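Computed from a predicted model, the values in this text were never measured in an experiment.
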Amino acid sequence: MASAAAKQPARTASKAPSGGTGGAAGGAPAMPLASPLMGGLNKKKKPFLGVPAPLGYVPGLGRGATGFTTRSDIGPARDANDPVDDRHAPPGKRTVGDQMKKNQDDDDEDLNDTNYDEFNGYAGSLFSSGPYEKDDEEADAIYAALDKRMDERRKERRELREKEEIEKYRMERPKIQQQFSDLKRKLAEVTQDEWLSIPEVGDARNKRQRNPRHEKLTPVPDSFFAKHLQTGENHTSVDPLQGQFSGLATPFPGGLNTPYPGGMTPEAGELDMRKIGQARNTLMDMRLSQVSDSVSGQTVVDPKGYLTDLNSMIPTHGGDISDIKKARLLLKSVRETNPHHPPAWIASARLEEVTGKLQVARNLIMKGTEMCPKSEDVWLEAARLQPGDTAKAVVAQAVRHLPQSVRIYISAAELETDIRAKKRVLRKALENVSKSVRLWKIAVELEEPEDARIMLSRAVECCPTSVELWLALARLETYENARRVLNKARENIPTDRHIWITAAKLEEANGNTQMVEKIIDRAITSLRANGVEINREQWIQDAEECDKAGSVATCQAVIRAVIGIGIEEEDCKHTWMEDADSCVAHGALECARAIYAHALQVFPSKKSVWLRAAYFEKNHGTRESLEALLQRAVAHCPKAEVLWLMGAKSKWLAGDVPAARSILALAFQANPNSEEIWLAAVKLESENNEYERARRLLAKARSSAPTARVFMKSVRLEWVLGNIEAAQELCTEALKHYEDFPKLWMMRGQIEEQSENIDKAREAYNQGLKKCPHSMSLWLLLSRLEERVGQLTRARAILEKARLKNPQTPEIWLESVRLEYRAGLKNIANTLMAKALQECPNSGILWAEAVFLEARPQRKTKSVDALKKCEHDPHVLLAVAKLFWSERKITKAREWFLRTVKIEPDLGDAWAFFYKFELQHGTEEQQQEVKKRCENAEPRHGELWCAESKHVLNWQKNIGEILVLVALKIKNTF
């Protein structure tokens, strides 16, 4: 009841009229009803009862009622307490004073505790209201410099972090173009026919838009006019359909579209349509007669000439028309300002030529010849622009003005088509300009040898300083006359080296090789005496040219004379080896041989020089030259084992086994207890089926030079000969001395595995892994043994253990992937391959395997990624070659096979795949070429290659036979 009574005044107030004065704000306040019940219940009077309503109070606003205020209520001006225009503004903005106070509060600083931070202080500046003086500006500049300095210190680290974050983000969320990159790369393989066969995008418009019906206009026939004119009808109106579709709006006078009213239509006789048609035919005949011959009746317009004229009207330049006009105006100004300036006339003529106005260009250049008669360029330009006969006349006129111009005479000779005329022009030119070497050379080239010799005799008299003329004359003369010519040339030109070199070549060609050395030495001395600097590189180039020309003695003499000029003593060896390699690259083998010979004379005890020379002879020389060089080499370097072994091998390959034995015997004397020589002797005897001698040699080697390799060769010899028990005993004895040599453990396990003693083989591998935990081959052999006996889980565990002991080892990862693949678990194999590539991102063998783990459509993309990571890895190159092979792209596959064997000739697998490829797709010559190159390269590595070459049954097979075996084992399953 109390709450109801409290609300009663509000209800009473809301019922007051609100039309004129704004409710309670304009009249007396409403009084509560006098009731004894109200007075009894509400003894305490409410504070708002009897109080005037506040400004802006609107009765019933809470219930949705609205009042209004007129201008008479507010007045012309407002006090601070007056309400604002917005009667429904929020409580803090209802008066003008509230807004003024708000603006003042905005200027004041907010120093409340909630706006305070222990590190930064108040959010705003404490001194923002104070004046900003020069000191404040300097302080701000200092702080800004400090901030910039601190930012630069952290810039590199921040940029690196941002770059890593961006790369990580790009890897997690690749762009659309990256997701379609493989498809984009495949577009390069789309042929033109496939591209043209792609259907066009259909037209999405509706039928009415695709096939619009054009408005059809049909002309009115002449009979229509004649009919209505004859009837004499008067027309005061025209049917709109006829006006639209019948062509009545004729332009002829007196037609139906006449401005006269219908009753004033002319009579029928004034318009004869037949005569109009005849007049039209007459007009057409007149026009045709202008371009026709009145005699023959044929057209005189040449179609080809007409098209040519049209082409000439098409500008061939790429500039704008306005640019042409500007250039023409500018050049005209230049010509008028300085009419004797030749480039202005030439530029003007060429501008007109480019724009297609050839005749204007000719006129301009001829005027230029009048203004600049002594300009050679203007005359040549005029001759070029004029047609044939006119050009000859222009050149003749030019000769009269410039009788000493070589270029004009040459231009005149070029204009002649007959050889005799050319000779006549050139001889006339030589009469006027006898000192021109260029004219003499052109004239000599047109003559026969005998006439050329006579002309050259005159030429060297007129041009005694021309080396080319002297040398040309010497080539045409006999031996004695050539010597005289060259002597005269040296007297006239004492500073040119080519004359001396030509003299040396002349003597060599006539068999006087002993004179060659003297001539070259005299050349060096004479040139130095005349102040000529000896350029070593130029002389070596001359020597290479002599080599290619077949003058070997001259080439060697030049090399010996200049090879040491301008080189410090400590740089001689390095520089000479580079020179030799450069000569080999240029195909000058005799130059390289001469450089090696000179280097060996200077450094007779340098083993590296002898080795380089020996390899050069092996690759580019004969067997006799190699053996002769090696004999000299071992005499100067008796301690160089490799030189002895090369000599012995050369004799052995030639079939001279006793000579090879004698070389090895001499090598023993020079290098007692040398492991390499012992093993070479054993190999020589075993290859020639002298097994007992090989056993005795190995026994002596074990007693005098006991090494792990000697024991290994001993075990292998007994193993391949079938003496298993002797091999096992030797292996046990060897492991007592060299238990950390993994190959001995491998051989022991393989011998047991061959004898079907699986447990003993497993024990041998396990013992070997305890001693040699970092031997990859032992881990692989043990894993394959377990896989062979069906223990797939144990094989997995072995490989997992191997990866733990040898992290980042691609061979172990590859075997793990292949193990799962052979077991048929391709998903697990792909997962392992992904992990392997993360751990070994630059492993070529893993990328090569990953290419063929993918499905065929994704292989090319994978190969591109592999090439990006391992661009020069032979396994990746081999995988790409196999990929092209599988796609039947024969030419590309051959190119990649060649690239692979060039980068790594020691990889036997590459040669085997290459040979298999040629067996299927190449000719017999190509197959033999691959086989020969493989035998020369002597590969030693490769998974498939080693499996065959180190098999006990193939121990006596040569490289060619092993190549055939490996190629036969390869199956085209990729």
If I take atom [atom1] from residue [X] and atom [atom2] from residue [Y], how far apart are they, to the nearest 0.5 angstrom?
{"X": "L877", "Y": "H872", "atom1": "CG", "atom2": "NE2", "value": "8.5 Å"}
{"X": "K801", "Y": "W779", "atom1": "NZ", "atom2": "CH2", "value": "5.0 Å"}
{"X": "E352", "Y": "R350", "atom1": "CD", "atom2": "CZ", "value": "14.0 Å"}
{"X": "K325", "Y": "L330", "atom1": "NZ", "atom2": "CG", "value": "16.0 Å"}
{"X": "L780", "Y": "L785", "atom1": "CG", "atom2": "CG", "value": "12.5 Å"}
{"X": "L799", "Y": "N806", "atom1": "CG", "atom2": "CG", "value": "11.5 Å"}

Neighbour count above 12 (heavy atom, 6.0 Å) for [X] [atom1]:
{"X": "H620", "atom1": "NE2", "value": "yes"}
{"X": "Q359", "atom1": "CD", "value": "yes"}
{"X": "E924", "atom1": "CD", "value": "no"}
{"X": "K186", "atom1": "NZ", "value": "yes"}
{"X": "K889", "atom1": "NZ", "value": "yes"}
{"X": "E162", "atom1": "CD", "value": "yes"}

I need the minimum non-hydrogen distance between [X] and [Y], along with the two atoms involved.
{"X": "V876", "Y": "W847", "value": "CG2-CB, 4.1 Å"}
{"X": "H875", "Y": "D873", "value": "N-OD1, 2.9 Å"}
{"X": "I346", "Y": "I365", "value": "CA-CD1, 4.2 Å"}
{"X": "A967", "Y": "A912", "value": "CB-O, 4.0 Å"}
{"X": "V901", "Y": "A910", "value": "CG1-CB, 4.1 Å"}
{"X": "R940", "Y": "I959", "value": "NH1-CD1, 3.9 Å"}

Test your reading of the model: is there a side-chain donor-acceptor pair from [X] to the backbone of [Y], 3.5 Å cut-off?
{"X": "S949", "Y": "W945", "answer": "yes"}
{"X": "R859", "Y": "L883", "answer": "no"}
{"X": "E948", "Y": "V966", "answer": "no"}
{"X": "W195", "Y": "L187", "answer": "no"}
{"X": "W911", "Y": "P905", "answer": "yes"}
{"X": "T191", "Y": "E194", "answer": "yes"}
{"X": "T900", "Y": "W896", "answer": "yes"}
{"X": "N954", "Y": "K957", "answer": "no"}
{"X": "E935", "Y": "K932", "answer": "no"}

Partners meeting side-chain hydrogen bond (donor to acceptor under 3.5 Å, both in side chains) with N936 (sequence neighbours left out):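 Counting only residues at least two positions away or on another chain, N936 forms no side-chain hydrogen bond (donor to acceptor under 3.5 Å, both in side chains).
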Side chain to side chain contact (heavy atoms under 4.5 Å, CB included) between L589 and F616, worked out: CA-CA 9 Å; L589 301 181; F616 170 77; 4.1 Å; yes
Residues two or more places apart in sequence or in another chain: which of them pass ring pair (Phe, Tyr, Trp, His ring centres under 6.0 Å) with H951?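 Expected list: none.
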Summary of salt bridge (Lys or Arg N to Asp or Glu O under 4.0 Å) pairs that have at least one residue in residues 786-799, sequence neighbours excluded: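 Checked against salt bridge (Lys or Arg N to Asp or Glu O under 4.0 Å) - neighbours excluded - the pairs reaching residues 786-799 are E753-R788, R762-E786, E786-R794, E787-R822, R796-E820.
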Salt bridge (Lys or Arg N to Asp or Glu O under 4.0 Å): which pairs involve residues 827-854, sequence neighbours left out?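 Only R818-E849, E854-K862 qualify under salt bridge (Lys or Arg N to Asp or Glu O under 4.0 Å).
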Under 4.5 Å between any side-chain heavy atoms of [X] and [Y], yes or no?
{"X": "L819", "Y": "L792", "result": "yes"}
{"X": "I828", "Y": "T831", "result": "no"}
{"X": "R161", "Y": "E165", "result": "yes"}
{"X": "P387", "Y": "R362", "result": "yes"}
{"X": "L944", "Y": "F913", "result": "yes"}
{"X": "K826", "Y": "L853", "result": "no"}
{"X": "D377", "Y": "E381", "result": "no"}
{"X": "R856", "Y": "E887", "result": "no"}

Run the numbers on I890 and R894 for side chain to side chain contact (heavy atoms under 4.5 Å, CB included), then give the verdict. CA-CA 6 Å; I890 307 303; R894 184 175 285 111; 4.0 Å; yes
What residues, two or more places apart in sequence or in another chain, satisfy salt bridge (Lys or Arg N to Asp or Glu O under 4.0 Å) together with D906?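 So D906 forms no salt bridge (Lys or Arg N to Asp or Glu O under 4.0 Å) with any residue.
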Going through the distances and angles, do E353 and R384 end up as a side chain to side chain contact (heavy atoms under 4.5 Å, CB included)? CA-CA 11 Å; E353 180 189 9; R384 185 183 69 83; 2.9 Å; yes
For S843, what residues pass the side-chain contact (heavy atoms from CB on, under 4.5 Å) criterion, not counting sequence neighbours?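 If we apply the side-chain contact (heavy atoms from CB on, under 4.5 Å) test to S843, skipping adjacent residues, the hits are P810, C840, I845, L846.
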R803 NZ/CZ over W813 ring centroid, <6.0 Å and within 45° of normal: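 Because its charged atom sits under 6.0 Å from the ring centre and within 45° of the axis, R803 does stack over W813.
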Less than 4.0 angstrom from a charged side-chain N to a carboxylate O is my criterion; do E895 and K892 meet it?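 Result for this pair is no, no salt bridge flagged.
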Pair F917 and F897, ring centroids less than 6.0 Å apart: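 Centroid separation for F917 and F897: below 6.0 Å.
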Evaluate side chain to side chain contact (heavy atoms under 4.5 Å, CB included) for E929 paired with E925, printing each intermediate quantity in order. CA-CA 6 Å; E929 176 67 19; E925 292 78 9; over 6 Å; no
